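The next block holds one structure in the form of structure tokens; read it before the comments.
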2 protein chains.
Amino acid sequence: MGSHQEREENGGAAAEGQEISAAGSIHGFESLHRLLEANLKPPIFQEVSRLLLGLNCGRPLQRISLPMAATTLSEAHNFDLQAFCFHADAEYLRQPQIVRVGLIQNSIALPTTAHIADQKNALMQKVKPMIDAAGASDVNILCLQEAWMMPFAFCTREKKWCEFAEPVNGESTQFLQKLARKYNMVIVNPILERDVNHGETIWNTAIVIGNHGNIIGIHRKNHIPRVGDFNESTYYMEGNTGHPVFETAYGKIAINICYGRHHPLNWLAFGLNGAEIVFNPSATVGELSEPMWPIEARNAAIANSYFVGSINRVGTEIFPNAFTSGDGKPEHSDFGHFYGSSHFSAPDASCTPSLSRYRDGLMVSDMDLNLCRQLKDKWGFRMTARYELYAEMLSKYLKPDFTPQVIVDPMLQKRK
Amino acid sequence: MGSHQEREENGGAAAEGQEISAAGSIHGFESLHRLLEANLKPPIFQEVSRLLLGLNCGRPLQRISLPMAATTLSEAHNFDLQAFCFHADAEYLRQPQIVRVGLIQNSIALPTTAHIADQKNALMQKVKPMIDAAGASDVNILCLQEAWMMPFAFCTREKKWCEFAEPVNGESTQFLQKLARKYNMVIVNPILERDVNHGETIWNTAIVIGNHGNIIGIHRKNHIPRVGDFNESTYYMEGNTGHPVFETAYGKIAINICYGRHHPLNWLAFGLNGAEIVFNPSATVGELSEPMWPIEARNAAIANSYFVGSINRVGTEIFPNAFTSGDGKPEHSDFGHFYGSSHFSAPDASCTPSLSRYRDGLMVSDMDLNLCRQLKDKWGFRMTARYELYAEMLSKYLKPDFTPQVIVDPMLQKRK
């Protein structure tokens with residue numbers, strides 16, 4: 001009942017073969033950017049692209065080419081591979097601080113009914129070619145998706161999935177430490193953590209592994225969602241690690257895990273601590289959050305004058321036992337479609353196109369970290385922020401007897 | 001050298017007649033939405049539109065039809081007229097709280113060399129048909145653009161433009177008070193204010209006029225830009241009115257004036273004080289801010305669970321004396337093109353298409369204010385915000401000896 005459209009490859013983007021159903025809706029396109037590229041005349045696509053990607057400074061979006069070792073791996077293992085470049089102006093006193101950063105998104109490797117050790121092992125084998133491709137591309141800093149070493153089982157509320165949790169120096173960290181050393185690469189490892197020194201407590205944690213394979217430190221997710229299936233408060237509580245910025249060999253990085261991206265103050269705190277790149281490893285599905293996805297990370301990059309790397313897992317994960325979602329609908333066995341769409345945002349309000357909505361992928365971008373201070377100097381957001389007003393406002397708001405500043409129309413009061 | 005494309009009218013949107021230059025760039029389209037509508041097949045446009053406008057809850061974007069009195073005025077005075085509708089779910093205990101809200105964007109009416117009284121008078125005559133159209137459409141709350149009663153002369157740094165300033169109960173307020181009474185409409189009046197009771201101080205102020213024509217109160221712009229031509233600190237200082245929310249006959253509203261939209265804490269404070277609709281009357285040009293324009297307001301609506309009405313003036317304003325912009329470029333006589341593009345954002349992450357980038361316009365939208373609390377209940381951002389962390393963080397940050405929370409890679413420290 002549908003017509004299949006064949007399009008030519010255009011530039012570095014894969015061709016689109018989207019389906020138009022009889023009802024007129026469209027499915028199966030890999031990304032908004034590629035859908036537009038396949039369906040607009042080049043000059044119109046260029047203008048639309050300029051507006052959507054925020055390419056306003058006369059700098060066109062620049063793709064970079066990666067070594068054949070990387071593209072070969074992407075073809076052999078069918079993962080999406082995209083690479084871009086953000087520029088900054090030349091300065092008198094500072095050399096460019098160009099860092100190559102990577103983001104990995106992936107689906108799970110085995111059914112959720114498989115042995116937990118097998119599932120985890122298969123996941124490591126699945127992401128390894130993408131890490132190898134990042135290594136072959138001389139990526140300096142790489143971040144994986146939230147709880148990449150397990151299915152996103154929190155929707156089931158079944159405690160058996162706690163078995164996936166591992167200590168900070170557990171098997172996934174050890175697996176990545178070897179690769180960090182091999183490729184001289186900083187790797188951010190977001191896991192389900194078991195805090196063995198604090199009564200076996202479970203946390204949602206990102207471990208920062210230095211380019212020598214050492215563990216630099218950890219950050220625990222600050223804000224925990226309680227939204228239908230997307231309710232993780234069954235498994236772990238709000239993090240107790242503040243808003244650390246990790247000074248690595250390649251730049252100052254921080255991690256805002258998943259739901260923390262809905263909290264502008266969480267983004268702000270990493271900025272006040274000096275972050276140059278903030279990663280947002282996530283797990284989120286289309287029905288819930290797709291309209292917010294391109295907005296929140298870009299806003300954070302603009303407001304805080306840093307780069308943001310957004311990562312979301314891909315695919316639909318089926319669980320053995322059906323569960324309900326607190327929305328009155330019948331029981332079901334999956335959380336929904338994780339729509340991938342990992343991408344970078346820059347402090348000058350520009351962003352890259354997104355990785356596939358369906359396939360595993362590695363997104364690479366070069367970024368000159370000098371752009372962060374250049375944007376601070378240009379826009380002066382830190383200088384004009386009046387933090388004293390807001391420190392006072394928040395202190396007042398926290399008191400149970402807080403009275404909002406409301407001016408009531410006197411005409412309305414008369415009627416009341 | 002260019003080819004002119006004629007397109008058919010499609011739905012409620014005006015046809016596009018954009019120019020594609022020999023160089024392949026494109027100019028003159030009224031809005032991104034209309035450019036896409038004119039150039040994509042309907043099912044693809046529908047999907048792109050769903051993604052870009054955040055229509056993810058199975059609710060298509062709904063246009064509403066306005067009375068002929070309004071459309072006749074729009075044709076007679078050549079202003080863009082668009083009208084949409086945001087829905088909320090039905091509730092057991094509350095009736096829908098549907099409010100019709102309007103935004104007006106306009107260019108100046110006379111050259112900046114005309115007598116100041118004539119310029120102001122001509123501006124009032126220019127916006128009057130749009131206010132009449134809003135009145136004919138039963139708009140409940142209407143907001144005009146920042147300093148609508150003058151050209152945006154701050155780029156010149158010439159103090160003579162202070163003559164445009166007027167007291168809170170000055171001529172533009174009196175003009176709008178009559179129309180507020182006539183149409184039983186709340187009107188927000190953003191002006192350049194002269195504070196006669198405080199030594200003739202100048203402020204950037206929004207006056208809220210109640211639907212009985214009474215002045216409910218004022219808000220003064222909290223954050224003042226210092227960016228090239230967009231440096232208003234020559235004329236006025238940071239506002240001293242806090243973050244008031246005005247409880248009107250039709251809902252609780254607040255005003256985040258222009259550059260305040262770059263400050264997530266400013267948006268937050270209006271939210272903590274209970275705003276249901278926040279207006280962002282602005283004056284901003286393409287080179288500077290167009291990539292940020294669709295991002296910041298939507299992010300604020302999402303993060304704070306309220307509606308946002310964004311307004312930007314249109315056109316290019318030429319001043320009698322050339323000025324420089326602090327960017328090393330030669331002197332010039334205009335600030336750039338104000339790109340209009342006024343629109344609404346909703347707490348569920350959806351938004352309307354934008355008004356024209358070139359023409360005056362009136363944007364109307366119905367919105368059920370129940371959606372604000374529904375989104376608070378759904379996402380729980382207030383509940384999960386951990387404000388105590390941030391009150392403490394900001395207090396520490398304000399101290400001169402603040403030390404950022406930085407964890408340095410020990411391998412890096414060794415090398416240092």
Side-chain angles (χ1 to χ4, degrees), chain A residues 20 24 26 32 39-40 43-44 47 51 54 56 210 212 214 216-217 223 226-227 242-249 262-265 269 272-274 290-292 295-296 298-299 302-303 349-350 378-381 384-385 387-388 390-391 393-395 397-398 404-409 411-412, chain B residues 20 24 26 32 39-40 43-44 47 51 54 56 210 212 214 216-217 223 226-227 242-249 262-265 269 272-274 290-292 295-296 298-299 302-303 349-350 378-381 384-385 387-388 390-391 393-395 397-398 404-409 411-412:
Chain A
I20 302 183
I26 193 166
L32 175 63
N39 287 284
L40 290 172
I44 294 172
E47 178 64 7
L51 286 167
N56 212 40
H212 296 94
N214 54 310
I216 301 178
H223 301 270
R226 290 149 166 86
V227 189
H243 296 86
V245 166
F246 301 92
E247 188 172 344
T248 73
H262 306 301
H263 289 284
L265 283 164
L272 296 184
N273 283 328
E290 201 162 358
M292 304 174 174
I295 304 296
E296 293 162 316
R298 269 179 85 184
N299 190 76
I302 296 166
S350 67
K378 177 179 178 183
W379 279 99
F381 293 149
T384 58
Y387 296 119
E388 69 287 357
Y390 301 101
M393 166 93 193
L394 287 173
S395 301
Y397 180 82
L398 283 167
Q405 183 186 356
V406 177
I407 300 176
V408 183
D409 183 348
M411 302 299 284
L412 198 63
Chain B
I20 303 183
I26 194 167
L32 174 63
N39 288 284
L40 289 172
I44 295 173
E47 178 65 5
L51 286 168
N56 212 41
H212 296 95
N214 54 310
I216 301 178
H223 301 270
R226 291 149 166 85
V227 190
H243 296 86
V245 166
F246 301 92
E247 188 173 344
T248 74
H262 305 302
H263 289 283
L265 284 163
L272 296 184
N273 283 327
E290 201 162 358
M292 303 175 175
I295 304 295
E296 293 162 316
R298 268 179 85 183
N299 189 75
I302 296 166
S350 68
K378 176 178 178 184
W379 278 98
F381 293 148
T384 57
Y387 296 119
E388 69 287 356
Y390 301 101
M393 165 94 193
L394 287 173
S395 301
Y397 180 81
L398 283 166
Q405 183 186 356
V406 177
I407 300 176
V408 183
D409 184 348
M411 302 299 284
L412 198 63

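So that the names make sense, note that chain A is the first sequence line, chain B the second, and so on, each numbered from 1. All of these numbers come straight from a predicted model, not from anything done at the bench.
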- Task: Pick one of side chain, backbone, both or neither for A:Asn214, based on which atoms fall under 4.5 Å of a heavy atom in chain B.
- Result: side chain
- State which residue, out of B:His223, B:His263, B:His262, fulfils the ring pair (Phe, Tyr, Trp, His ring centres under 6.0 Å) condition with A:Trp379. B:His262
- Picking from B:Asn273, B:Ile216, B:Ile302, which has the most non-hydrogen pairs under 4.5 angstrom with chain A? B:Asn273
- Rounding to 0.5 Å, atoms CG (B:Leu265) and CG (A:Leu265) come to a distance of 5.5 Å
- Message: To the closest 0.5 Å, what do you measure between CG (A:Leu272) and OH (B:Tyr390)?
- Response: 10.5 Å
- Query: Considering only heavy atoms, which portion of A:Met393 lies under 4.5 Å from any heavy atom of chain B: side chain, backbone, both, or neither?
  - Reply: side chain
- Item | Per-residue contact mode, A:Thr248 against chain B (heavy atom under 4.5 angstrom) | backbone
- Message: Just so I understand: if I count every heavy-atom pair under 4.5 Å between each of B:Leu394, B:Thr384, B:Leu398, B:Leu51 and chain A, which residue has the most?
- Response: B:Thr384
- Message: As an exercise: rank B:Val227, B:Leu32, B:Ile295 by heavy-atom pairs under 4.5 Å with chain A and give me the winner.
- Response: B:Ile295
- Query: Highest number of heavy-atom pairs under 4.5 Å with chain A: which of B:Gly210, B:Ala385, B:Gly217?
  - Reply: B:Ala385
- How many angstroms lie between atom CE of A:Met292 and atom OG of B:Ser350, to the nearest 0.5 angstrom? 10.0 Å
- Query: Heavy-atom distance under 4.5 Å to chain B: side chain of A:Tyr397, backbone, both or neither?
  - Reply: side chain
- Query: Highest number of heavy-atom pairs under 4.5 Å with chain A: which of B:Ala391, B:Gly274, B:Gly380?
  - Reply: B:Ala391
